[in-house]
Amino acid sequence: MKKSPHLSSHAEHKPKQGNHAKHANEEFGMSETRFWIQRLSKTAIRALHILGIAGSAGGIFYGIERELWLHWWVLAMVTGVIMTVLEIKQSKLWLIQLKGVLTMVKLGLISSFFFIPQHKPALFITVLLMSVVIAHGPAGLRHYSIWHRRRIDEKKGKKKQMNG
């Protein structure tokens with residue numbers, strides 16, 4: 001009995017990798033599963049960070065008792081530290097690129113809450129606006145090095161991939 005050319009045994013058939021899986025393997029040198037775990041983990045940390053900021057905003061803007069919003073503030077600070085550590089672990093250049101430098105400036109502004117509490121709302125708004133500009137600005141802005149006075153990127157293959 002002749003085999004149909006359209007039928008093949010399971011051993012002969014290799015499933016095609018989707019474009020995304022191929023992209024993940026080639027560009028990041030990792031499996032699609034690992035790619036997605038890292039990507040979704042970073043997204044979850046960012047989401048929790050924004051939730052913490054949103055939850056603490058009412059307390060900062062309207063002078064609500066600290067006990068009512070402190071847990072949101074702690075969530076924002078803990079997730080912020082986690083994101084910062086992940087960025088530095090991924091590339092030390094982050095520390096001299098605008099995205100890292102402005103994160104440190106934002107921490108300085110937040111620290112000033114203790115010294116000039118009457119300006120908390122204005123400081124908070126400044127930090128929020130800085131966050132939006134740096135997060136959604138062009139790569140040339142985010143990757144601008146204050147040290148080199150130009151855009152600087154990690155050399156290909158040197159940057160540790162933490163997807164998100």
Side-chain angles (χ1 to χ4, degrees), residues 17-60 66 69-117 119-164:
Q17 272 189 324
N19 283 342
H20 189 73
K22 188 175 182 180
H23 175 73
N25 283 330
E26 287 175 2
E27 189 172 336
F28 303 122
M30 67 178 70
S31 71
E32 184 177 16
T33 302
R34 183 172 174 152
F35 171 85
W36 280 106
I37 289 170
Q38 285 186 3
R39 179 80 179 227
L40 293 174
S41 296
K42 280 186 80 173
T43 301
I45 293 167
R46 280 192 193 113
L48 289 172
H49 185 68
I50 292 169
L51 180 63
I53 290 167
S56 59
I60 292 168
R66 202 168 77 162
W69 56 272
L70 186 61
H71 58 287
W72 296 113
W73 182 254
V74 170
L75 177 63
M77 294 303 105
V78 168
T79 53
V81 168
I82 291 169
M83 289 189 305
T84 300
V85 168
L86 289 174
E87 290 292 342
I88 294 169
K89 185 178 174 186
Q90 185 177 1
S91 173
K92 304 290 188 270
L93 289 178
W94 184 85
L95 292 165
I96 60 169
Q97 292 172 324
L98 270 183
K99 57 186 176 176
V101 171
L102 291 180
T103 297
M104 298 306 157
V105 169
K106 292 187 308 184
L107 287 173
L109 291 171
I110 290 167
S111 298
S112 67
F113 283 14
F114 297 107
F115 307 110
I116 47 175
H119 295 294
K120 273 185 194 178
L123 292 166
F124 191 79
I125 290 169
T126 302
V127 168
L128 281 177
L129 292 175
M130 287 174 64
S131 298
V132 170
V133 168
I134 206 64
H136 299 285
L141 175 68
R142 292 190 316 272
H143 296 177
Y144 180 84
S145 167
I146 61 165
W147 183 263
H148 300 91
R149 300 201 187 263
R150 63 180 169 84
R151 177 183 173 157
I152 188 159
D153 295 302
E154 195 75 54
K155 290 182 179 144
K156 195 143 179 112
K158 189 158 176 149
K159 186 175 182 181
K160 295 176 188 156
Q161 293 302 322
M162 297 294 288
N163 301 295

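Quantities reported herein were computed from a predicted structural model and do not represent experimental measurements.
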What pair of heavy atoms forms the shortest contact from [X] to [Y], and how long is it?
X: Gly52; Y: Ala76; result: C-CB, 3.7 Å
X: Ala122; Y: Thr126; result: O-OG1, 2.8 Å
X: Phe115; Y: Pro117; result: C-CD, 3.4 Å
X: Trp73; Y: Ser56; result: CE3-OG, 3.6 Å

Rounded at 0.5 Å granularity, tell me how far [atom1] in [X] sits from [atom2] in [Y].
X: Arg39; Y: Thr43; atom1: CZ; atom2: OG1; answer: 6.0 Å
X: Leu93; Y: Lys99; atom1: CG; atom2: NZ; answer: 9.0 Å
X: Lys106; Y: Phe124; atom1: NZ; atom2: CZ; answer: 11.0 Å
X: Tyr144; Y: Arg149; atom1: OH; atom2: CZ; answer: 6.0 Å
X: Ile50; Y: Leu75; atom1: CD1; atom2: CG; answer: 11.0 Å
X: Leu109; Y: Leu123; atom1: CG; atom2: CG; answer: 6.0 Å

Just by modelled atom types, is the Gly137 backbone N or O under 3.5 Å from a matching donor or acceptor in the Arg142 side chain?
->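 Judged by distance alone, yes, a pair lies under 3.5 Å.
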Mark yes or no for whether His143, through its side chain, and Ile152, through its backbone, hold a donor-acceptor pair below 3.5 Å.
->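 Here the side-chain-to-backbone pair does not exist.
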Show the numbers, then the answer: is there a side-chain contact (heavy atoms from CB on, under 4.5 Å) between Thr103 and Ile134?
-> CA-CA 9 Å; Thr103 297; Ile134 206 64; 5.7 Å; no
Criterion side-chain contact (heavy atoms from CB on, under 4.5 Å) on Val133 and Leu102, from CA distance to verdict | CA-CA 10 Å; Val133 168; Leu102 291 180; over 6 Å; no
Are [X] and [Y] close enough that some pair of their side-chain heavy atoms sits under 4.5 Å apart?
X: Val101; Y: Gln97; answer: no
X: Leu107; Y: Thr84; answer: no
X: Thr79; Y: Leu51; answer: no

